[in-house]
Q: 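Please find one structure pasted underneath; my questions will follow.
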Amino acid sequence: MKIAKRMDIIKTVFVAEMNMRLNKMREEGRDVINLGVGDPDFTPPANLLQVLTDEAQQPDHHHYPSFYPNRPLKEAIAGWYRRRFSVDLDPNTEVLPLLGSTDGLFLIHLCLLDPGDVALVPDPSYPSYEVGVKLMGGQVEWITLSKENGFLPDLDSIPTDIARRAKMFWINYPNNPTGAVATPDFYKKLITFAQTFEVIVVSDNAYSEIYFDGRRPVSFLEFPGAKDVGVELHSLSKTFNCCGWRAGMLVGNKDIISGMTKIKSHSDRGMFYPLQVASLRALNSSLDFIQERNQAFQERRDVVVKGLRGIGLEVFPPQATFYLWARVPPGYTSQDFCLQALEQSNVWMIPGSVYGKYGEGYLRIALTQPVERMAEAMERLKKITISS
Ligand SMILES: Cc1ncc(COP(=O)(O)O)c(C=O)c1O
């Protein structure tokens, strides 16, 4: 059978292969600590689980979602953006609920790119951006994120001819995998860049509610002119510890929202109604649990920072996200070091090369295990042999 050639763009995912290997190791009786998982180990707040259960029990809540008005959820999203970021959104024209931000993250390329169009994609970055651009026939121009620049794109170093050809620009802060956050100055400069070169900004803000030391990350849409040049993806997944729900949103520029609404009227039939109600409640609920949850992430972060520094690694303590980015020891590729650590200590960390060429030389740890397990992982790493 001959399927489309474009399928060759999607390579077998190394992380998926590794998860199979980890399962096999567990079956063989090895006590593997998986520090790769980007899914919180905490549960959604109990009141939200109750809403989901109650709504699912209603016999008339199981029709196609288009049967129910989606305005209440859109209003809840607009309300969240107003309270959290002081951003005003028109629920009718500037808000689109998504089946997780991945939904919009993939389809946005269909909305923005014609074949051959250029997309600026950070390196390292979340691998789905590259795949989305290429599957739609777009061309990727990589924008390096370096430690010297705080893992932010250096907008001044983007060659003018590339900026002129670019149609869209992927931005993701708080950042996966580096844990970096964007400053207000960066966003202001980005908006000027987007206006100058007529580039559409797509900001992926999935991690805004996982932050440390009380420093709440901002949204790209907070800055003047943002809505004219772009949109933001947001998600309930990490905020409410509910990655499995598949609830997210796209907000901002109304032409893009209108295009994406058309696309999604064909690609899905909307969000399961009980989930719409639970999402709405989540967005309107008290966020007190977030402080305590983030405190737990912070405690884990501090254990890992100390542990990795103890074995001589250079660490970039995150200001937000539950990821920690560190350099592998000199003389190793990221993959070699992570595989060796797995073999010798049963601790799995993700090689930075999974996230791009400039991720080489780094590793990513997810702070998604209880603090005792994180501490145990650090103890085990102390014992591995690091050749110099
Ligand atoms: C940077 C980034 N964007 C988007 C997503 C997707 O999140 P969602 O669960 O909302 O689809 C993830 C998931 O890990 C992510 O790391």
Side-chain angles (χ1 to χ4, degrees), residues 13-16 18-19 34-44 48 73 77 80 95-109 119 121-133 143 145 151-153 168-182 201-211 217 219-220 230-252 260 264 267-268 271-272 275-276 278-279 282-283 297 318-325 350 352 354-356 359 362 364-368:
V13 182
F14 170 73
V15 174
M18 282 310 298
N19 282 338
N34 185 352
L35 303 184
V37 194
D39 188 342
D41 55 324
F42 301 105
T43 52
L48 300 180
L73 177 57
I77 293 171
W80 163 269
V95 172
L96 178 65
L98 298 174
L99 309 181
S101 57
T102 306
D103 173 23
L105 190 156
F106 183 71
L107 293 174
I108 192 102
H109 303 101
V121 181
D123 178 354
S125 64
Y126 190 56
S128 299
Y129 307 148
E130 176 191 3
V131 171
V133 170
I143 304 297
L145 304 186
F151 301 108
L152 293 172
M168 70 179 287
F169 197 164
W170 267 111
I171 292 293
N172 163 223
Y173 294 98
N175 184 256
N176 176 13
T178 66
V181 296
V201 174
V202 183
S203 159
D204 178 355
N205 197 8
Y207 292 93
S208 69
E209 304 317 304
I210 317 263
Y211 56 86
S219 154
F220 155 71
V231 280
E232 186 159 275
L233 287 158
H234 205 334
S235 173
L236 274 67
S237 293
K238 324 282 171 171
T239 302
F240 296 98
N241 310 321
C242 63
C243 291
W245 284 16
R246 314 314 302 134
M249 56 261 207
L250 181 72
V251 293
M260 287 291 283
K264 276 176 59 64
S267 69
D268 66 71
M271 192 189 284
F272 179 44
L275 189 52
Q276 288 192 41
S279 300
L283 292 167
F297 279 133
Q319 294 170 37
T321 77
F322 45 61
Y323 300 118
L324 190 133
W325 195 234
I350 306 229
V354 164
Y355 304 98
Y362 293 88
R364 191 197 79 175
I365 285 181
L367 305 169
T368 49

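Numbering of ligands and ligand atoms starts at 1, following listing order. Keep in mind that what you see is a predicted model, and the values were worked out from it rather than measured.
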Q: Under 30°, 30 to 60°, or over 60°: which ring-plane class applies to F151 and W325, parallel, tilted or perpendicular?
A: perpendicular
Q: Looking only at heavy atoms, is any part of D103 under 4.0 Å from ligand 1, and if so is it the side chain, the backbone, or both, or is it neither?
A: neither
Q: Is the closest side-chain donor-acceptor distance between D204 and Y129 under 3.5 Å?
A: yes
Q: Please write down residue, atom name and distance for the protein heavy atom closest to atom 7 (O) of ligand 1.
A: S101 OG, 3.3 Å
Q: Taking heavy atoms and a distance under 4.0 Å, where does S237 meet ligand 1: side chain, backbone, both or neither?
A: side chain
Q: I'd like to check which ligand 1 atoms, numbered from 1 as shown, lie under 4.0 Å from a non-hydrogen atom of G100.
A: 10 (O), 11 (O)
Q: Are the side chain of N241 and the backbone N or O of T43 linked by a donor-acceptor pair below 3.5 Å?
A: yes
Q: Excluding sequence neighbours, so at least two apart, what forms salt bridge (charged side-chain N to carboxylate O under 4.0 Å, His left out) with D39?
A: none
Q: Does the separation of the ring centres of Y207 and F322 fall below 6.0 angstrom?
A: yes
Q: Under 4.0 Å from a heavy atom of D204: which atoms of ligand 1 are those, numbered in the order shown and with their elements?
A: 1 (C), 2 (C), 3 (N), 4 (C)
Q: Going by the atom numbers of ligand 1, which of them fall below 4.0 Å from some non-hydrogen atom of N172?
A: 1 (C)
Q: Just one of K238, E232, H234 clears the side chain to side chain donor-acceptor pair (under 3.5 Å) bar with S208, so which one?
A: H234
Q: Counting from 1, what ligand 1 atoms have a heavy atom of R246 closer than 4.0 Å?
A: 8 (P), 9 (O), 11 (O)
Q: Heavy-atom contacts with S235 under 4.0 Å: which atoms of ligand 1 show up? List them by number with element.
A: 8 (P), 10 (O)
Q: May I ask you to identify, for T102, whether its side chain, its backbone, both or neither come under 4.0 Å of ligand 1 on a heavy-atom basis?
A: both
Q: In terms of atom number and element, which parts of ligand 1 are under 4.0 angstrom from non-hydrogen atoms of K238?
A: 13 (C), 14 (O)
Q: Donor-acceptor check, side chain of N172 to backbone of N176, threshold 3.5 angstrom: yes or no?
A: yes
